[in-house]
Amino acid sequence: MNKTSQSLAAAVSEIGDGATVMIGGFGGSGAPIELIHALISRGPKDLTVINNNAGNGRIGIAAMIDAGMVRKMICSFPKSSDPRAFTDKYLAGEIELELVPQGTLAERIRAGGAGIPAFYTPTAYGTELAEGKPISEFDGRHYVQERWLKADFAIIKAHLGDRHGNLTYNKAARNFNPLMCMAAASTIVQVSRIVEAGEIDPEHVVTPGIFVDRVVEVSQPRQEEELIRAGVTYA
Amino acid sequence: MNKTSQSLAAAVSEIGDGATVMIGGFGGSGAPIELIHALISRGPKDLTVINNNAGNGRIGIAAMIDAGMVRKMICSFPKSSDPRAFTDKYLAGEIELELVPQGTLAERIRAGGAGIPAFYTPTAYGTELAEGKPISEFDGRHYVQERWLKADFAIIKAHLGDRHGNLTYNKAARNFNPLMCMAAASTIVQVSRIVEAGEIDPEHVVTPGIFVDRVVEVSQPRQEEELIRAGVTYA
Amino acid sequence: MTSIAQEEIKLTNAQIAWRAAQDIVDGAYVNLGIGFPEMVARYQPPGREAIFHTENGILDFGEAPKPGEEDWDLINAGKKAVTLKPGASFFHHADSFAMVRGGHLDVAILGALQVAQSGDLANWRVGSKGVPAVGGAMDLVHGAKQVFVITEHVTKNGEPKLVEKCTFPLTGVACVTRVYTSHAVIDIVERRFVLREKLAALSVEELQSMTGAPLHIEGSVADLIVPEV
Amino acid sequence: MTSIAQEEIKLTNAQIAWRAAQDIVDGAYVNLGIGFPEMVARYQPPGREAIFHTENGILDFGEAPKPGEEDWDLINAGKKAVTLKPGASFFHHADSFAMVRGGHLDVAILGALQVAQSGDLANWRVGSKGVPAVGGAMDLVHGAKQVFVITEHVTKNGEPKLVEKCTFPLTGVACVTRVYTSHAVIDIVERRFVLREKLAALSVEELQSMTGAPLHIEGSVADLIVPEV
């Protein structure tokens, strides 16, 4: 049992054209910038990307969009401090958008990971985001039926990881990452440090290794927000 | 913000006749014996109790049943090393049983806590435990619609707790406890130690305080399994 | 008359935020929407401790750190850097929205484009142009025990924001419980606007003329008194 | 003939468990049902590392502690005390069954009262008398990539346990993928029993006479060879 991968390139080597890819993070917090850039180097096309946002500036998911790799975004908030990459393509009709309320997005991903094909939520009832979806009444209140979300791959940023794939996260960089680990057929994780099995207290494991397929160490990960503020662009 | 309670009796003082009460634990692991016994001293009747099991020996939930407090059990496995309390009343038609597969029980409780009134699961499809429940097909497979479970009160055993109600658990004594904390209108927790707010690392909090209403310290909690092995009975 | 009242007699945003803050009780769990609602945190009455929730997975965060001391893994839903208070906790997005949807928050405070007398809220999109973005607003309006809106009473063009029926796309149906405006405090009770407080200098008739649906009065209407903040 | 074959030529429970253990690959995530299936853990081939899951919230637990060293907060689904291996983790019941239902387990190994050629399993209840108890069995049969059954080939009374249609209450529909019996290894493929291995001393006809539904043969049938264990 050794899920560690020697390089970023090796870690993303199976992600091909047409794949559905969940990408962790909320804005820059928990965004796996190094894995995303390795994926851009690899260059698969026609991807469906699931993330809370839709990229910022000229790095990360925005750089994927700039590179023409993304056919469709599934997200709750395709805006950021510099949303040009997505906005330009969206207004030109060159990228599809499935807009999902943030809590519904989180729950759909969890449902995908938990083997729950559909669930009911009050969120979006009576709004345009519920159009076409089945409505049911429970105990006198109306709810929208939402379906699970799954992916071929998840690209995740964590803090510590071991060869079993057990993970911890840094502060609010947890966000969507543990859920996406559960919902992808193959989960690829960059961690700040690979530790020995047993070094993470079993009580403190946030993502158990069963949800993880590959772990690669990026010891000084870059923070999207800092790169944006420094005006960095993906070369 | 101070959720600590000075005594077990005070902690359970609002649980009255006819209440639905979730009781944490899986067998003896995570079973809040001291809170249960305080509840027996109080003596409300006609309770619906939700637990994975249905008591063991002559203590804990079994002693509640012996005391005639329980009208209905909702559980997955009403058997134990000494199941007489439940078995006798059940075979005499004096206690109702709603038998729920263990994973469905866990998910129904989580759904109650998460505001999800219903969800679909493959579990129990085609069996007598799905009789009368709506069936739907998703992607060519059949699923059973299950409803959320909520309670008026949850009685929980945790390890550390603070005045905000933040909790950690001991090993596999976690089990149903964090879910039940979410699903009850009022959650009452016995902890081995009350610590200062901030002493539990925010990364290590398992149950955030928002799900907890009362915390009472029981510094040397008894373990159901050890009491059973010692032949202890509730006086 | 009305235009003078609007321009000269009204609360500032800070004052609206202050007024809303007075209704947050000790120990309440509160989510403040991105932008204007975040201002409410500044005006917590002394001696009361509210616990702030942010959708991206923190309970009990505090003020912004000093410039240069930001940790960009420690942000709120508006992607602003925050700090932690003792008793804080981290959790993932599904648990975070379990808190929201599951009815565990006491109060959510949001901005509005329009609020209807039925409690319908429109606050995420003006029309069908541009890039739509919804975030957590549609989740927040369901679940919190009370949903407060803070808003100007009318738009910059003087059009009512409190209306019979929203014309902008809805965020949620029958979800708002109370509205704090630049001119009044209004509850939504059984699909009606019930006036609770108004600026003393304004008559009920003047306020009604700025409001797109009938204002009902049950018992007395208090003066809306807010200090300079 | 058949009764002699049954009594004299058959695997012990330990040998059935040994045979099933040989099919667990390195790195597999495995759930062993309470009782007889737990025995499989003893016979992991050297050099292979399986990770055992228990419904009550542990991954990678190990053997029982020495008597007197039990921690009764550290138990498996059968309420037996266990130990941890390096790399273990704890989680709550909803996450535990997300692993099950979500298809994250590679193998679940369960006992059986009856297995039908369709893959239907009956293993939780004989009839409608007594106290029913289901535990996690109905969840485990859905989700794991492979669902193995280990069982005697026939009941103590000599009645087939592999049948056309289960007569006992079902645990799950079309869920079993492979059956390890005291006499054979049988896959379930497209609602048919396909014989893969049988004891060398037993003819296909003899095995068929002990089986309640047709045994199909695709290619060759290997000898079921198991050491003394």
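Chain letters run A, B, ... following the sequence lines, proteins first, then strands; residues in each count from 1. Please read all numbers here as calculations on a predicted model, not as lab measurements.
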- Is it the side chain or the backbone of D:D106 that comes within 4.5 Å of chain A heavy atoms, both, or neither? neither
- Item | Side-chain ion pair, A:K72 and A:E98, N-O less than 4.0 Å | yes
- Task: For chain A, find which of D:G103, D:A94, D:A28, D:S89 contributes the most heavy-atom pairs closer than 4.5 angstrom.
- Result: D:S89
- Enclosure of A:R141 CZ (heavy-atom neighbours >12, cutoff 6.0 Å): yes
- Donor-acceptor side-chain pairing of A:S136 and A:Q145 below 3.5 angstrom: no
- Around D:E190, counting heavy atoms of other residues, nucleotides and ligands shown, do more than 12 lie under 6.0 Å from its CD? no
- Query: What part of A:K150 lies closer than 4.5 angstrom to a heavy atom of chain D: side chain, backbone, both or neither?
  - Reply: neither
- Region of D:I58 in contact with chain A, defined by heavy-atom distances below 4.5 Å: neither
- So does D:K165 have more than 12 non-hydrogen atoms from other groups sitting under 6.0 Å from NZ? no
- Could you tell me which of A:A111, A:A197, A:G112, A:A183 has the largest number of non-hydrogen atom pairs under 4.5 Å with chain D? A:A197
